[in-house]
Amino acid sequence: MNHVGLVGRLTKDPVLREFAENRVATSFVVAVNRNYRNHQGDVDADFVLCTAWGKLAERIVQYCGKGSLIGVNGRLQSRSYINKENLKVFSTEVVADEVRFYLLKSPTNKQSEVEKDFVLPETEEGLPVT
């Protein structure tokens, strides 16, 4: 069985990419909080690369932005490629089958008490490449 379920926040605004034969996709990173606090009392997060195709991708780009709280159901997919330095790179991502929009990014940028508990990266450095 290959099934993944995540709830977390988008780390940046998703962008729609167009491919041959009118296919579209978007890749995005979801910051998923761990369910415990570290020894400093902070909540750590994992940053999970996700991909969505077709109408689902269009809806994500249309309704979500950096900070949006979403739920992703899908499957893990691994692949490899040769990078510019001629090294083989392995990548694992979640291919989304279903996305639920729990809390979309508010235009006022005010955070509720619930939102403050979710970790977003301070920089994009070190996150999976989209």
Side-chain angles (χ1 to χ4, degrees):
M1 179 187 308
N2 183 356
H3 183 78
V4 175
L6 306 169
V7 174
R9 293 197 174 278
L10 294 183
T11 61
K12 64 181 180 179
D13 293 339
V15 176
L16 196 66
R17 296 179 315 205
E18 294 183 23
F19 297 94
E21 300 174 10
N22 291 332
R23 294 193 64 186
V24 292
T26 187
S27 294
F28 51 96
V29 176
V30 177
V32 180
N33 282 0
R34 296 183 182 166
N35 60 357
Y36 59 88
R37 296 189 181 273
N38 62 23
H39 62 279
Q40 284 112 2
D42 297 325
V43 176
D44 289 327
D46 293 301
F47 299 94
V48 182
L49 177 61
C50 300
T51 301
W53 291 86
K55 292 283 187 198
L56 182 58
E58 291 173 0
R59 297 297 178 259
I60 292 167
V61 171
Q62 181 179 3
Y63 294 111
C64 297
K66 179 178 179 177
S68 293
L69 181 63
I70 64 171
V72 179
N73 286 322
R75 60 183 168 79
L76 283 178
Q77 179 173 293
S78 297
R79 57 189 167 94
S80 64
Y81 60 93
I82 305 296
N83 68 8
K84 292 177 184 175
E85 290 81 32
N86 208 27
L87 297 173
K88 192 170 192 175
V89 177
F90 294 91
S91 175
T92 301
E93 63 190 349
V94 174
V95 178
D97 295 324
E98 176 186 27
V99 173
R100 294 178 185 253
F101 305 134
Y102 292 121
L103 185 62
L104 301 181
K105 187 66 176 173
S106 108
T108 62
N109 287 329
K110 289 184 180 179
Q111 284 187 317
S112 70
E113 290 302 314
V114 173
E115 291 177 276
K116 290 178 185 175
D117 286 339
F118 281 88
V119 175
L120 284 177
E122 293 180 21
T123 67
E124 297 294 324
E125 219 171 284
L127 293 180
V129 177
T130 59

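Basis for what follows: all heavy atoms, side chains included, without hydrogens, waters or symmetry-related copies. Residue numbers start at 1 and run along the sequence shown. Keep in mind it's a predicted model, so treat the numbers as computed, not measured.
Here the CG-OH distance, from Leu87 to Tyr81, works out to 10.5 Å after rounding to the nearest 0.5 Å. The OG atom of Ser91 sits 9.0 Å away from atom CD of Gln77, with the distance rounded to the nearest 0.5 Å. How far OG1 of Thr51 is from CG of Leu56: 11.0 Å, rounded to the nearest 0.5 Å.
For residues 80-93, every residue pair satisfying the salt bridge (Lys or Arg N to Asp or Glu O under 4.0 Å) rule, not counting sequence neighbours, is listed here: Arg79-Glu93.
In terms of heavy atoms, Val48 sits closest to Val32 at CG2-CG2, 4.4 Å. Closest heavy-atom contact between Thr92 and Ser78: OG1-OG, 3.2 Å. Between Asp97 and Arg75, the shortest heavy-atom distance links the atoms OD2-N, 4.3 Å. Contact detail for Pro14 and Thr26: the closest heavy-atom pair is CB-OG1, 3.5 Å. Scanning both residues, Ala96 and Val72, for their nearest heavy atoms gives CB-CG1, 3.8 Å. For the pair Val24 and Ala57, the tightest heavy-atom approach, listed with the atom from each and the gap, is O-CB, 4.4 Å.
When the side-chain hydrogen bond (donor to acceptor under 3.5 Å, both in side chains) test is applied to Glu98, the partners found at least two apart in sequence or on another chain are Asn73, Arg100.
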Please test Val43 against Arg37 for side-chain contact (heavy atoms from CB on, under 4.5 Å), starting from the C-alpha separation and ending with a verdict. CA-CA 5 Å; Val43 176; Arg37 296 189 181 273; 3.2 Å; yes
Report the C-alpha distance between Ile82 and Val89 in whole Å, list the side-chain angles of each, state the deciding distance to 0.1 Å, and finish with yes or no for side-chain contact (heavy atoms from CB on, under 4.5 Å). CA-CA 6 Å; Ile82 305 296; Val89 177; over 6 Å; no
Does the side-chain contact (heavy atoms from CB on, under 4.5 Å) test come out yes or no for Arg9 and Leu103, once each step is laid out? CA-CA 9 Å; Arg9 293 197 174 278; Leu103 185 62; 3.8 Å; yes
Would Phe101 and Ser68 count as a side-chain contact (heavy atoms from CB on, under 4.5 Å) here? Give the steps. CA-CA 8 Å; Phe101 305 134; Ser68 293; over 6 Å; no
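The number of heavy atoms from other shown groups lying within 6.0 Å of CG (Asn22) does not exceed 12. The number of heavy atoms from other shown groups lying within 6.0 Å of CD (Gln40) is above 12. More than 12 heavy atoms of other residues, nucleotides or ligands shown are found within 6.0 angstrom of CD on Gln62. The environment of CZ in Arg23 is sparse: at most 12 heavy-atom neighbours from other residues, nucleotides or ligands sit within 6.0 Å.
Grouping the Ile, Leu, Val, Met, Phe, Trp and Tyr side chains by contacts below 4.5 angstrom, directly or via other members, places Val4 with Ile60. Hydrophobic clustering of Ile, Leu, Val, Met, Phe, Trp and Tyr side chains at less than 4.5 Å, counting indirect connections, keeps Phe28 apart from Leu16. Under a hydrophobic-cluster definition in which Ile, Leu, Val, Met, Phe, Trp and Tyr are linked whenever side-chain heavy atoms come within less than 4.5 Å, directly or via other members, Leu6 and Val95 are assigned to different clusters. Linking ILVMFWY residues whenever their side-chain heavy atoms come closer than 4.5 Å, directly or via other members, leaves Trp53 and Val15 in distinct clusters.
Looking at Thr11 and Val30, their side chains never come closer than 4.5 Å, going by heavy atoms from C-beta outward.
For the pair Asp13 (side chain) and Gly65 (backbone), a donor-acceptor distance under 3.5 Å is absent.
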